[in-house]
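Naming convention: chains lettered A, B, ... in sequence-line order (proteins, then strands); numbering from 1 in each chain. FYI, side chains are in, hydrogens and waters are out, and symmetry mates aren't considered; it's all heavy atoms of this structure.
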Amino acid sequence: MATPVIGNATTTVVRQKRLSESYVGEWLMTTDHKLIGIMYIVTGFFFFLVGGMEALLIRTQLAAPDAHVLSPQTYNAIFTMHGTTMIFLFVIPVLTGFGNYIVPLMIGARDMAFPRLNAFGYWVLLFGGIFIQSSFLFGAPPDGGWFLYAPLNLTNAGCTVHATACTNGMNADFWALGVLMLGVSSIAGSVNFVVTILKLRAPGMSINRMPLFTWMVLVTSFLLLFALPSLTAAAGLLLLDRHAGTHFYQYAFGGDPLLWQHLFWSFGHPEVYILILPVFGMISEILPVFSHKPIFGYTFIAWSGVAIGFLSFTVWAHHMFAVGLPPIAQAFFATSTTLIAIPTAVKIFNWIATIFGGKISFKVPMLFALGFVAMFLIGGLNGAALAVVPFDYQVTDTYFVVAHLHYVLFGGTVFGVFAGTYYWFPKMTGKFLGERLGQVQFWLMLIGVNLTFFPMHILGLLGMPRRYYTYAGNLGWNELNLLASIGALTIGLAIMVFLYNVIVSLKNGQVAPDDPWDAFTLEWDTSSPPKKYNFLHIPVVRSRRPFYDKKYPEIADWKTVIH
Amino acid sequence: MRKPLFNGKTRWQVVVAGLLLGSFLLTACGENSPSILNTFGPVAASESFLFYVILIIATIIFVLVEGALIFSIIRYRERPGMPNPRQIHGNLRIEVLWTVIPSIILFIVLFFTIQGLVNVATQPTSSNTLEVRAVGHQWWWEFYYPKYNITTADELHAPVNTIVQVDLYSNNVIHSFWVPALTGKTDVIPGHNNMRWFKADATGTFLGECAEYCGAQHAHMAFHAVIQSSDDFNTWVSTQQQAAVTPSFALAAQGKQIFMGQCTGCHGIVGDNLKGYDDPQVKCNDPAIACLVGPNLTHFGARGLIAGGILTNNRDQCSPGADLLRRCHLAQWLKDPQGIKPGNDMVVNLTDDQIQALVAYLESLN
Amino acid sequence: MSTAHGEQVRVLEEHGELGATHSLNWWGMIFFISSEALIFANLIAAYLYLEIRAGRWTLPSGDHLDVIYPAFNTVILLGSSVPAILARSGIAKGDKRRLVLGLLGTIIMGSVFLGGQAYEYTNLISQNFTLNYKTFGSAFFTLTGFHGLHVTVGLIFLIVILIRALRGDFTAKKHFAVEAGEMYWHFVDLVWILVFSTVYLLPLIRG
Ligand code: HEA
Ligand code: HEA
Ligand code: CUA
Ligand SMILES: [Cu+2]
């Protein structure tokens, strides 16, 4: 058998080590999707800690009424940066990281389509992230909320007819320039994913044999490609309004603050599905493996993801029910929002059907995946409640919305991310993450999340608006807020356990075999961690579970199922 | 793996305990809360009705789906010697079923949604509709009654069982008008003259809150919706229409002087520096007119709140005396408005004697 | 393109699964451009939104924008796509002379368009129609200026390609940069049709 030649065989000449061959240099100069993936993931988790500490500050301030831990200005900067960091600098990078690491392996590719563009995307992200965070050093952190509504984001001169406190400082500029940079990074990443997935799949892996994680990364990439332009436009016009004398959002000169909201949310709503779809994909990989069953309703899960993608462009104004749109428009957006719940429901049912009748082994990745389904359901149901427009008039901009967004983002996305982390960690590092510590983390987190975010529903119903830096003690909100703060500490504890677990496991964790979970997809058909070129031979695929076929040739899927 | 690590029962206990705790807190501690479920009018009532609709439906779905999940988790956990399960890939009929059934439920919800939407949007026509202009400032509310030509701050007075039409204006950033007991939110957006109607079916004082993030003191932009019998309301209107009474005692007269000297740049008192009330919508939207940045104080003494509700106006504690600053909220406000409400627009520097005089004057204005 | 997946492309080609006609780069360019196009879509949407809210937009003089002159400019820009096509089809056959001439033609016509736009701008500015003349000025200069920016970027791109062409970098087999330049140029042209229709033609229809 001829050894396949990887790259151009170069004659070895004795020469000095280049920068790219030292340990640090290798990371700095790499274009290997696996290293870049890990850099994304590590960066994302780092920002998770930053955003998490901000959350702890929020919860400290709100633990008791009339607290003076943070000044109002600081509080406002903290919650703005909390939201911005979590969404733009934690979830997106981490998910991009998993996509980077896993997708080429899953589809049997040697690398992403554009490795250098890939590295570029990472460095722009890192730079953008540091740029936004550096606003703290300049004493001008963004403080207009994570969606930075106009006209509060304008300079005082552009904001109004008479003197008003808007945003004269650089705060809004940091935000706008920062998200523009992150946008560039995401566009680079998305182009790369789309081309990689569409063009570089292993022979035989037709689109309907693609692993579901890959499916969801594909849909997500399209969402980014088509949604980010709205944010780019919104932020660009904002910078012009602030510095070039245009009047897009300046009502005193005929502009319209609502233009910002329309532009922002036509990015912002697809964005929230960008934050969850890859996680849907992860869950669709993990549940079947640990149930020892194929995914139930593959086609429906895949295409419901596509449906969600399309619909997500039609629902943006459900964030604007209170702005006084004509009732007919509100009815339209209520309808589209209702529609989008249907494909989501389809996914949930298929997941349950996947574990139904299976043989479930409760390894930590599975715990998190099941926790995901349980928690996301709550977030989805109260999302559906928010789509009931008249009810939304009451609870919009209250803690009910805060509860919703954390159930879907924490109970959903973060649980999914941890499921993925525990699942793929052995592949990435060759070591298992500790099982016991993982269980401790899971239960702490499950309790913590419900303790923190469930009371927020009730706070919303009791009339507590969001983005209040403090509240009076006689409104009946004290106990629930205290509970939420205790919950946040519990989550913090869980995260500490996780960090400890990572460190311990990296040092002397149990060594992982190539296929520790008896999994189905191609990434497990490589060494742990995979070699630089991923596959010695590009595999040929004949079903949706190529690696399963290889392991169990007598009962291979391609013999028993027709796709 | 031997031990059942994923114990479904524990989770149920957590959930049930959470729900119990929730409903307990909702009733026990929620008494003073501006709860959206404690409604006093048709608008809020139809909004909270929809909450119960969706709550019931969502609870049923929650129990069923979460139940199916937990059942599967317990029933199909791996046990020693368990054979590999049958490899089932899907089932078209089931897929159709669980696409159609949720769709039907969702469309029922949607039907209620749109019905409620129309309900809340259509303002009943009534000959004695009260029109109020609410203007959102950073960070306090101003209310102007075009029919009676009066202006107040921090307090929206309206008669019971009357349609109240609130026209919403802002010349600065976006605020949101919200009285949980009476009506859900409508945003107050510069350049969009939104409208909100409500009808209160009981008298009382209800908390209103600003519900759109509007800057540093968004948390302190509350007001009271004071719903009165129509007699009381009419009395209130006629007092408001009068100009401020010239103080009858020396301390207050001295206060008036200080006011005329230091405060008129930002505040107005009809009879002192103002001839009459202005429509703030007209006044504050014209760059050519100097729009007063502070609340109209003509009948300040009769109001319940100070500066967006950050303090209550405890008049009974405001009789002159050495410990005035310890007792009287107004005095505290005048002493250090920036300390009490950091970032607000009022900057003053008053001696304690001046404060004694100003308090005497302002609290006499009722 | 890294050698690692050069190998993969080879395997895929062996299995006849790489829809042979277009390279990875071509696909990358397509998706990049479509995202870019959506920025224009958003700006156009913003333009129309503000125009509808304003009721009727006119210049300080009360007139509509002059459409004859920009129409002439439009013809030049659209026409410039022809030499671009010639350039690429030339090099595809290995004809380097046609490549250079085609590029030159495109660059010249593109520059004329930009010059024309600059002339139009000075003209308007002299009538006190500027970036901060109401929302009209803001929207007009932002949208057309953003397009002008793209033309400029396209021109720089083409000039770089021209220099490389003169150095003999391209062959019949290897000339993706030329193809990319052409794609980008077509995109800039097509978008202009939309921008032109929104800014100049629509007010005519509305009267
Ligand atoms: C991961 C992110 C994520 C996801 C997946 C969702 C999912 C959904 N969201 Fe959420 N949303 C956010 C993130 C997300 N959201 C964020 C961050 C905000 C706040 C932004 C801000 O203001 O800061 C927000 C705000 C938000 C609002 C605006 C609230 C307001 O400001 O007033 C609304 C209103 O309609 C809404 C609705 C929905 C709906 C209907 C879904 C649906 O997709 C949910 C569908 C799922 C289900 C419904 C459960 C499963 C279904 C069944 C079991 C079938 C049967 C169900 C029924 C019959 C009800 N969301
Ligand atoms: C993925 C998104 C995400 C995540 C994970 C979180 C996580 C958390 N969020 Fe966040 N949140 C948002 C997205 C998210 N949030 C958004 C978008 C908003 C809206 C913002 C806006 O209104 O503009 C918001 C707003 C928001 C508010 C409302 C603020 C307000 O309206 O005034 C609150 C209040 O309690 C809150 C709390 C929390 C808490 C307690 C957590 C916790 O779960 C956090 C848990 C993490 C930790 C506790 C960190 C652990 C770290 C350590 C233990 C330190 C170790 C340190 C070292 C080793 C150095 N969030
Ligand atoms: Cu006004 Cu918030
Ligand atoms: Cu949304």
Problem set entry | Residues in residues 101-108 of chain B that sit under 4.5 Å from chain A, counting heavy atoms only | B:Pro102, B:Ser103, B:Leu106, B:Phe107
Exercise. Minimum heavy-atom separation for B:Val173 to A:Cys166, with atom names?
Worked result: CG1-SG, 3.4 Å
Exercise. Any idea which heavy atoms bring A:Gln330 and B:Leu117 closest together, and the distance?
Worked result: OE1-CD1, 3.4 Å
Under 4.5 Å from any heavy atom of chain A, what part of [X] do you find: side chain, backbone, both or neither?
X: B:Asn91; result: both
X: B:Val109; result: side chain
X: B:Asn194; result: side chain
X: B:Ala121; result: side chain

Exercise. Which residue pairs pass the salt bridge (charged side-chain N to carboxylate O under 4.0 Å, His left out) test when at least one of the two sits in residues 167-180 of chain B, sequence neighbours left out?
Worked result: B:Arg133-B:Asp167
Contact class of [X] relative to chain B, heavy atoms under 4.5 angstrom:
X: A:Leu339; result: side chain
X: A:Pro257; result: side chain
X: A:Phe79; result: side chain

Problem set entry | Contacts of A:Gln261 that satisfy side chain to side chain donor-acceptor pair (under 3.5 Å) - sequence neighbours left out | none
Exercise. Chain B contacts: which residues in residues 291-298 of chain A have a non-hydrogen atom closer than 4.5 Å to it?
Worked result: A:Ser291, A:His292, A:Lys293, A:Pro294, A:Ile295, A:Phe296, A:Gly297, A:Tyr298
